[in-house]
Chemist: 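The structure under discussion is supplied below as structure tokens; questions concerning it will follow.
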Amino acid sequence: MNIEAIPVKIETTQHSSQPEQLVFGLLQEIHAHLQRLQQDGQTFRIDLKSLPLSEHNRSQLIALLGQGEISCEFNSSGSSRIYETAYSGIWWITHYSPDQQIMAEFIDICLIPDILASHPDDVLDAEKRLAHYLKNL
Amino acid sequence: MNELELLNWARGPGLAYASIIMFFGISLRLLEILSLGRPAEYADTRDDGVKDGLIMIVKRSLPETRHWKYITASYIFHIGLFIIVFFFTPHTQFFRDIFGVFWSGWPNYLIDVVTVLSIASMLYMLIIRITDPTRRILSSTGDYLVWILTFLPLITGYLAFHRLMLDYTLMLALHILSVELLMIALPFSKLTHSFTFILSRWYTGSNFGRRGIKS
Amino acid sequence: MTHAKQTLAGELLKQGVSRRTFLKFCATMASTMALSPSVSHAMADALAKAPRQSVIWLSFQECTGCTESLTRSHKPSIESLIFDFVSLDYHHTLQAASGHAAEEAREHAMQAHKGKYLLLVDGSIPLKDNGVYSTIAGMTNLDMLQQVAKDAFAIVSIGTCAAYGGLPKAAPNPTGAVAVSDIIKDKPIINLPGCPPMPIVMTGVLAHVLAFGIPELDHLGRPKAFYGDSIHDRCYRRPYYDRGLFAKSFDDEGARKGWCLYEIGCKGPVTHNACATLKWNNGTSFPIQSGHGCIGCSEPDFWDAGGFYKALSTAAGNPGSWAVNGLAAGAVVGIGSALINKKVKQAAIDESGKLTAEDMGGQS
């Protein structure tokens with residue numbers, strides 16, 4: 001077995017500096033929501049644009065939460081990037097506009113962000129399209 | 001009327017009426033006082049009293065050791081008010097608009113400290129006036145009214161700058177209106193001392209000088 | 001013209017906007033309007049089911065700037081998609097019909113959607129001389145407003161002219177212009193002031209009305225989500241204001257360094273709008289960032305606020321003349337008073353005679 005075959009998960013990067021007050025407080029809050037998710041399945045969303053986070057705070061938060069196993073990108077009128085952080089249940093969602101400006105940014109504490117799931121209405125539409133295609137074969 | 005309309009009125013017609021009344025009053029009072037003149041001199045004077053008049057203006061402007069607490073508070077208040085009125089940047093804009101002369105304002109945090117000191121000294125003087133039996137007997141309604149009229153611009157200005165209590169536009173309108181009230185009351189109350197103190201100190205001094213009394 | 005049973009979601013799907021994308025847009029919009037993130041789901045569901053809303057847009061004494069602002073926003077967003085989705089049954093600039101056909105379309109829409117159409121108004125309404133200074137198809141603006149407002153479910157006054165009277169109302173107000181809210185008293189009115197209003201404000205409020213109904217309004221009828229803060233509260237030049245660093249004139253050293261524009265007339269402290277956070281031209285810039293003080297265009301009577309280039313602390317008018325007039329009047333009365341005083345004094349002197357030695361009982 002070569003070294004690449006050994007599964008490795010990056011927990012978190014090492015930091016020389018302590019998290020700043022605001023970031024520390026936010027992490028406490030995220031932890032509380034994660035507890036609730038674990039205990040009774042309650043989900044929560046934090047709107048990062050509503051918080052007075054500086055660029056430095058934001059990078060620190062991203063670095064502290066780290067990167068997990070899943071990362072997805074979807075493109076529709078600007079791209080959106082969704083990834084699970086190194087802490088399962090904490091997802092980071094960024095919505096970009098067509099000119100790459102961040103339109104919205106959220107931290108979702110849930111088992112899976114609902115934006116990833118297929119929507120019943122889309123499924124209905126897809127079923128019709130597939131049926132139509134099969135009929136015309 | 002909404003708060004912006006009130007502000008525009010305060011800055012426009014309100015200020016116009018207050019200015020007219022204030023300058024009318026100052027002009028009236030000065031002429032009344034000056035036209036009274038001196039009583040006729042029937043004896044030779046020691047000298048013309050000019051030097052002593054000037055000395056008296058300076059001498060009576062200096063602090064003295066009796067009642068030093070009250071006097072210190074009064075100094076803090078008067079000097080503080082002068083600094084705030086003439087060196088707070090938005091006020092420098094006001095004077096630049098009127099006189100066309102411009103000078104730089106002081107940093108906001110300094111003016112803030114000065115304002116707090118002035119407010120504190122005013123409150124201290126009021127407390128002394130109320131608690132000291134002699135002063136209380138001597139105080140009239142006019143004294144308290146004038147205190148309120150002078151205190152209002154200070155407190156509304158401070159609250160407006162710090163965005164406390166009321167919406168900023170409304171607080172600013174109230175601040176300007178309180179200044180206008182003060183302007184109207186100035187020539188018709190003891191606040192005339194703002195322009196007559198020099199005259200009265202001169203007069204006393206020059207009288208002493210003419211009679212040969214040491215100023 | 002019948003409206004098929006279309007929903008917004010259905011319409012968007014036809015345009016290739018999946019429900020997933022719709023969810024993304026709603027989340028973004030909820031964030032912009034400072035709504036709780038959990039609300040975006042409810043918003044998405046409500047909006048998805050929204051039928052084609054009939055909208056009648058009346059243009060009165062206006063410059064068409066509000067329409068221009070709205071239609072020039074390029075960023076494809078849920079708000080602009082919603083605006084495309086509504087059934088704009090009457091709009092002078094955007095409609096294809098003209099003349100009688102246009103007025104008939106309006107009357108038909110009013111009948112077909114009685115009590116359910118949304119009325120948007122831009123421009124002020126002149127009242128002087130029976131409102132003759134602005135008429136459409138022979139009808140005065142006043143009559144048309146009253147007629148169309150009767151069966152609308154809500155009214156949105158777009159732009160400072162419709163919301164507070166705006167430019168036509170500026171002194172001396174030759175046409176007797178008034179705001180919509182001065183005439184209509186019995187319908188919910190949302191004021192979206194601004195000269196022009198921000199595009200995202202117009203479309204965001206429209207989306208909110210479709211999804212949830214009328215948003216929370218302040219005491220001047222403006223949605224708190226967009227007009228809650230003053231420009232000064234959110235201005236990026238605040239640190240300079242706080243430190244007392246001001247530009248003294250355009251293009252001077254302070255101006256080039258980006259210092260606060262208070263001294264050259266910025267009305268930011270008394271103006272409520274979203275310019276400092278949401279910015280103009282798809283988030284490019286806003287007046288202060290471009291070096292010009294805020295003119296206060298979303299506040300009532302901003303044209304008569306003493307001048308765009310005079311600082312907020314200055315007098316709105318000419319103070320020099322007042323002072324001179326006051327001094328002159330005082331001098332006149334003062335001289336009169338002095339003369340009276342002299343007369344009184346002289347009379348007293350005359351009345352009192354000279355004292356002689358005899359009066360004192362001495363020997364003469």
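We name chains A, B, ... by the order of the sequence lines, and we start the count at 1 in each one.
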Chemist: Against chain C, label Leu172(B) side chain, backbone, both or neither, depending on which of its atoms sit under 4.5 Å from a heavy atom there.
Modeler: side chain
Chemist: Looking at Gly336(C), Gly306(C), Pro300(C), Gly244(C), which one has more heavy-atom pairs under 4.5 Å with chain B than the rest?
Modeler: Pro300(C)
Chemist: Is Asp112(B) close to chain C through its backbone or its side chain, or both, or neither, when contacts mean heavy atoms under 4.5 Å?
Modeler: neither
Chemist: Locate the shortest heavy-atom distance separating Arg163(B) from Pro269(C); write the atom from each residue and the value.
Modeler: NH2-CB, 3.9 Å
Chemist: If you look at every heavy atom in Ser313(C) and Phe94(B), which pair is closest and at what distance?
Modeler: O-CD1, 3.3 Å
Chemist: Search all heavy atoms of Leu220(C) against all heavy atoms of Asn2(B) and return the closest pair with its distance.
Modeler: CD2-CB, 3.9 Å
Chemist: So which part of Leu312(C) gets closer than 4.5 Å to some heavy atom of chain B, the side chain, the backbone, both or neither?
Modeler: both
Chemist: Is it the backbone or the side chain of His91(B) that comes under 4.5 Å from a heavy atom of chain C, or both, or neither?
Modeler: backbone
Chemist: Let me know if Leu7(B) has heavy atoms under 4.5 Å from chain C in its side chain, its backbone, both or neither.
Modeler: side chain
Chemist: Side chain, backbone, both or neither: which part of Phe246(C) has a heavy atom under 4.5 Å from chain B?
Modeler: side chain
Chemist: Crowded around Tyr17(B) OH? As in, over 12 foreign heavy atoms under 6.0 Å?
Modeler: no
Chemist: Does Arg234(C), at its CZ atom, have more than 12 non-hydrogen atoms belonging to other residues, nucleotides or ligands within less than 6.0 Å?
Modeler: no
Chemist: Heavy-atom cut-off 4.5 Å, strictly under: side chain, backbone, both or neither for Arg96(B) against chain C?
Modeler: side chain
Chemist: Answer yes or no: does atom CZ of Arg238(C) have more than 12 heavy-atom neighbours from other residues, nucleotides or ligands under 6.0 Å?
Modeler: yes
Chemist: Going from OG1 on Thr89(B) to OH on Tyr241(C), what distance comes out if it is rounded to the nearest 0.5 angstrom?
Modeler: 9.0 Å
Chemist: Would the number of heavy atoms belonging to other residues, nucleotides or ligands and lying under 6.0 Å from OH of Tyr144(B) be above 12?
Modeler: yes
Chemist: Contact part of Asp242(C) toward chain B, heavy-atom cut-off under 4.5 Å: side chain, backbone, both or neither?
Modeler: backbone
Chemist: Between Ala315(C) and Leu15(B), which heavy-atom pair has the shortest distance, and what is it?
Modeler: CB-CD2, 3.3 Å
Chemist: Using every non-hydrogen atom in the two residues, find where Ala331(C) and Ser27(B) come nearest and quote the distance to one decimal.
Modeler: N-OG, 2.8 Å
Chemist: Highest number of heavy-atom pairs under 4.5 Å with chain B: which of Arg243(C), Lys248(C), Lys345(C)?
Modeler: Lys248(C)
Chemist: Using non-hydrogen atoms only, which part of Phe102(B) is less than 4.5 Å away from chain C: side chain, backbone, both, or neither?
Modeler: side chain
Chemist: How many angstroms lie between atom NE2 of His219(C) and atom CD of Glu3(B), to the nearest 0.5 angstrom?
Modeler: 3.5 Å
Chemist: Would you check if there is a donor-acceptor pair between the side chains of Ser337(C) and Glu32(B) at a distance under 3.5 Å?
Modeler: yes
Chemist: Can you tell which part of Leu4(B) gets under 4.5 Å to a heavy atom of chain C, answering side chain, backbone, both or neither?
Modeler: side chain
Chemist: Looking at Pro13(B), Gly14(B), Ala10(B), Ala16(B), which has the largest count of heavy-atom pairs under 4.5 Å with chain C?
Modeler: Ala16(B)
Chemist: Taking atom NZ of Lys343(C) as the centre, report whether more than 12 heavy atoms of other residues, nucleotides or ligands fall under 6.0 Å from it.
Modeler: no
Chemist: Heavy-atom pairs under 4.5 Å with chain C are the metric here; pick the option from Pro90(B), Gly25(B), Pro107(B) that has the most.
Modeler: Pro90(B)
